[in-house]
Amino acid sequence: MSQRAIGIFDSGVGGLTVYKEIVRLPGEELIYLGDTARVPYGNKGADTVVRYALEAANFLLSKQVKLLVVACNTASAVALPFLEERFRVPVIGVIEPGARKAASVTRNGRVGVIGTAATIGSGAYTRAIRACRSDIEIFTQPCPLFVPLVEEGWADHPVARLVAEEYLRPLTERGIDTLVLGCTHYPMLKKVLREVLGEGVQLVDSGAETALTVTTILRQMGLFHLSPPGPPRFFVTDSPVQFERVGGAFLGDRLTNVQRVELGMLGPAGERFEEGENK
Ligand code: DGL
């Protein structure tokens, strides 16, 4: 079992910010799936995102992964319980690790959370932070324009700075000292966010915290990979060309080994997955 790969999925290219953290783990083989034909998830309804997430997870489990990382904040926010219920491999989302970190680093107990409309609307970060510390005041803000800005390559552009000022004003007015970056794309905006927020606000990168959780789970379950891993494999549901281009900018490196796949569809109720195939 330990020799198997870690499966990572996201709605598209953004999950590469989480991949980038996990790939640092020595010796682990990674399989990444970006559902690029159906991105964005962040403005879709919860039932649609749950169905997409189940289909993506089915695909990765057909590759015999030992652990599933839901890199997409939107999918983690709305689909995690469904994935945990359905699959027997450990399923790790990005919400809880980010929430735990925020609860532990805030000094004044005032935490901001930014994410897609679906993530913020789900209330998942608010619940997860409160579960760690009930006295924390949480202020949330959907930032739908950040994803296209980053994908356009404008993460460090005056337009991004202007948009960030607008989105973050209500949070800075509330005196937050910690901001959770609750979307895969937002770590790419760290420079601009720091400039807008100033040094007094700590940025919590949910993806980086998730990589630490992956290490903990692998250790607890005795699942560390023991021999040199194969190269990472990338799967996308739309043409690889755009993924390679934007993903290369995310990773600061050339992306190779990207294949297009069709995901098996599930009915609205979700047909039962045959787990025996993946044990
Ligand atoms: N990956 C998504 C997230 O972290 C952002 C892109 C999308 O809306 O699908 O929420």
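The model shown is predicted, which means the values in this text are computed figures rather than measured ones. When a ligand or atom number is given, it counts from 1 through the structure's own listing order. When reading the values below, keep in mind they use all heavy atoms of this one structure, side chains included, and skip hydrogens, waters and symmetry mates.
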Lys101 atom NZ: more than 12 heavy-atom contacts under 6.0 Å: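 No, NZ of Lys101 has 12 or fewer neighbouring heavy atoms, counting only those of other groups under 6.0 Å.
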Validation row: Phe243, Tyr32 side chains within 4.5 angstrom (heavy atoms): yes
Donor-acceptor pair, side chain of Tyr186 and main chain of Cys143, under 3.5 angstrom: yes
Centroid separation Tyr19 to Phe250 less than 6.0 Å: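 That pair fails the under 6.0 Å test.
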Residues lining ligand 1 [heavy-atom distance under 4.0 Å, listed by chain and residue number]: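 For ligand 1, the contacting residues are Asp10, Ser11, Val39, Pro40, Tyr41, Gly42, Cys72, Asn73, Thr74, Thr116, Cys183, Thr184, His185.
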N-O pairing of Lys190 and Glu195 below 4.0 Å: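 No, this pair does not count.
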Full working for side chain to side chain donor-acceptor pair (under 3.5 Å) between Thr184 and Thr17: CA-CA 6 Å; Thr184 47; Thr17 57; 5.4 Å; no
